[in-house]
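A short worksheet on the structure shown next.
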Amino acid sequence: MAHTITDECLSCGACVSECPLEAISEGDGKYVIDANVCTDCDACTSVCPAEAIKA
């Protein structure tokens, strides 16, 4: 199951460069993760200052 970004997202973009599959993109008011691309590698979760990325 792909990771998701909650409404706590600060839209800082820190997670975007950490994703090796480029599954994260800017959405409407927060970033979003493409569930069809995400492999649950956890690279994004450790860099999120708001802890808004959940497995």
Side-chain angles (χ1 to χ4, degrees):
M1 187 171 159
H3 283 65
T4 57
I5 299 178
T6 68
D7 290 337
E8 284 79 33
C9 176
L10 303 173
S11 296
C12 69
C15 56
V16 176
S17 61
E18 292 299 314
C19 181
L21 300 173
E22 299 179 357
I24 304 172
S25 60
E26 192 170 0
D28 187 25
K30 67 176 185 177
Y31 280 79
V32 293
I33 298 176
D34 185 338
N36 295 316
V37 178
C38 179
T39 60
D40 295 322
C41 72
D42 279 332
C44 57
T45 57
S46 63
V47 298
C48 180
E51 297 180 0
I53 304 173
K54 307 296 180 191

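FYI, side chains are in, hydrogens and waters are out, and symmetry mates aren't considered; it's all heavy atoms of this structure.
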Cluster link Val16 to Ile53, ILVMFWY, side chain under 4.5 Å
yes
If you look at every heavy atom in Cys9 and Ile5, which pair is closest and at what distance?
CB-CG2, 3.5 Å
Going by heavy atoms in the side chains, are Asp42 and His3 under 4.5 Å from each other?
yes
Would you check if the side chain of Lys30 reaches a backbone N or O of Leu10 as a donor-acceptor pair within less than 3.5 Å?
no
Report yes or no: does Ser11 contribute a side-chain atom to a donor-acceptor pair with the main-chain N or O of Gly29 at less than 3.5 Å?
yes
For a quick test of reading the model, state the closest non-hydrogen atom pair linking Glu18 to Cys44 and the distance between them.
CB-CA, 4.4 Å
For Ile33, which of Ser25, Cys38, Cys19 qualifies under side chain to side chain contact (heavy atoms under 4.5 Å, CB included)?
Cys38
If you round to the nearest 0.5 Å, how far is CD of Glu8 from NZ of Lys54?
7.0 Å
CG (Asp40) with more than 12 external heavy atoms under 6.0 Å
yes
Run the side chain to side chain contact (heavy atoms under 4.5 Å, CB included) test on Glu22 and Val37 for me, step by step, so that the C-alpha distance in whole Å, both residues' side-chain angles and the decisive distance to 0.1 Å come before the verdict.
CA-CA 8 Å; Glu22 299 179 357; Val37 178; over 6 Å; no
pair Leu21-Thr39: side-chain heavy atoms closer than 4.5 Å
yes
